[in-house]
Amino acid sequence: SLLPNALTILGVCLGLSSVKFALDTNYGMAIIAIGFAAILDTLDGRVARLIKGTSKVGKELDSLTDVISFGVAPGFIMYFWILNETGKFGWMVVLIYAVCCALRLARFNLTVIDENETWKINFFEGVPSPAAAGLVLLPLILSLSGLIQFENYPILSSITILATSILMVSKIPTYSLKRILIPRHLAVFLLLGIGIYVSLLIFYTFETLFFTGLIYIFLIPISYFHYKHKAKTSLISSVEEDEEDVL
């Protein structure tokens, strides 16, 4: 379990470093640090399962890391950037977001999936904390991209953070990207897509991150209806099995 836990600890360092970058008004590097922390958060669980190095310590450490890197750090970044202009209200918004992130992670740790509903492993209950961090930072990313300039960034940022906080503690099902299984014959196309995406990140960093955030927002209602369809299908299958057992 040393390797996955080391990746988790590295995620903590990146999350805290993003706050330091924000203090230095280097907001571009702050966003990049959060991005790398999100990548490590995706990898540590996969690596742990791959090498059979899962542990209770790793599970708890992962949650604590998420609170720091995706609950506390993004809030501080947004406060140092624009929310401090709103005074006490801006700090209250940051506190609400951090509390909602902690509550969401506590609920996630207590979630138990029934053996008859293994399909639910492909969904989260509410927006996961790494994705929430990206959504919270969208106004800053939009500003750095130069695509559109708003005059009321404090208001836009406050609304974005509050909406994301509600989505985190809600029970809206969202896709779990950690559990996606790619068929072997599609691996080449996946690698090609990753190469194109990384190239876009290198040359159009903030523009690419902004459109990535928009795509995720559009995926939320799709995941909701997909979840409802899967739940209905599962219920029908279980009813048919019960009827066969009775017969």
Test item: [X] and [Y] side chains (from C-beta on) under 4.5 Å apart, heavy atoms:
X	Y	value
I77	I31	no
I155	Y153	no
V19	F80	yes
L14	I34	no
F206	L140	no
M168	E125	no
I172	V127	no
P139	I82	no

For [X] against [Y], the heavy-atom pair lying closest together:
X	Y	answer
Y97	S129	OH-O, 4.3 Å
A33	S18	CB-CB, 3.8 Å
I161	M78	CD1-CB, 4.1 Å
S63	L105	O-CD1, 3.6 Å
T174	P128	OG1-CD, 3.6 Å
S143	Q149	O-NE2, 3.4 Å

Single-linkage hydrophobic cluster, 4.5 Å side-chain cutoff, [X] and [Y] together:
X	Y	value
L214	L147	yes
L162	L135	yes
I68	L23	no
I141	F203	no

Test side chain to side chain contact (heavy atoms under 4.5 Å, CB included) on L83 and S157; report intermediate values, then the result. CA-CA 7 Å; L83 290 180; S157 301; 4.1 Å; yes
Between L137 and Y27, is the side chain to side chain contact (heavy atoms under 4.5 Å, CB included) condition met? List the steps. CA-CA 10 Å; L137 294 172; Y27 299 111; over 6 Å; no
How many angstroms lie between [atom1] in [X] and [atom2] in [Y], if you round to the nearest 0.5 Å?
X	Y	atom1	atom2	answer
E85	Y79	CD	OH	10.5 Å
L10	L40	CG	CG	5.0 Å
L61	I9	CG	CD1	4.5 Å
K230	N122	NZ	CG	7.0 Å
L219	Y175	CG	OH	7.0 Å
T208	I196	OG1	CD1	12.0 Å

Consider only side-chain N and O atoms of Y204 and S145, and report whether a donor and an acceptor are under 3.5 Å apart. no
Determine, stepwise, if the pair F123 / S176 fulfils side chain to side chain contact (heavy atoms under 4.5 Å, CB included). CA-CA 5 Å; F123 296 89; S176 172; 5.7 Å; no
Centroid-centroid distance, F76 to W81, less than 6.0 Å: no
Which residues satisfy the side-chain hydrogen bond (donor to acceptor under 3.5 Å, both in side chains) test with Y224, sequence neighbours excluded? none
side-chain hydrogen bond (donor to acceptor under 3.5 Å, both in side chains) involving S165 - partner list, sequence neighbours excluded: none
Okay, side chain of S69, backbone of D66: is any donor-acceptor separation there less than 3.5 Å? no
Check for a donor-acceptor pair, side chain of S223 on one end and backbone N or O of P173 on the other, with a separation under 3.5 Å. yes
Please determine if R104 forms a cation-pi arrangement with F124, meaning its NZ or CZ atom is less than 6.0 Å from the six-membered ring centre and no more than 45° off the ring axis. yes
Side chain to side chain contact (heavy atoms under 4.5 Å, CB included) involving N26 - partner list, sequence neighbours excluded: F21, M29
Test side chain to side chain contact (heavy atoms under 4.5 Å, CB included) on T160 and V136 and set out the steps. CA-CA 6 Å; T160 302; V136 163; 5.5 Å; no
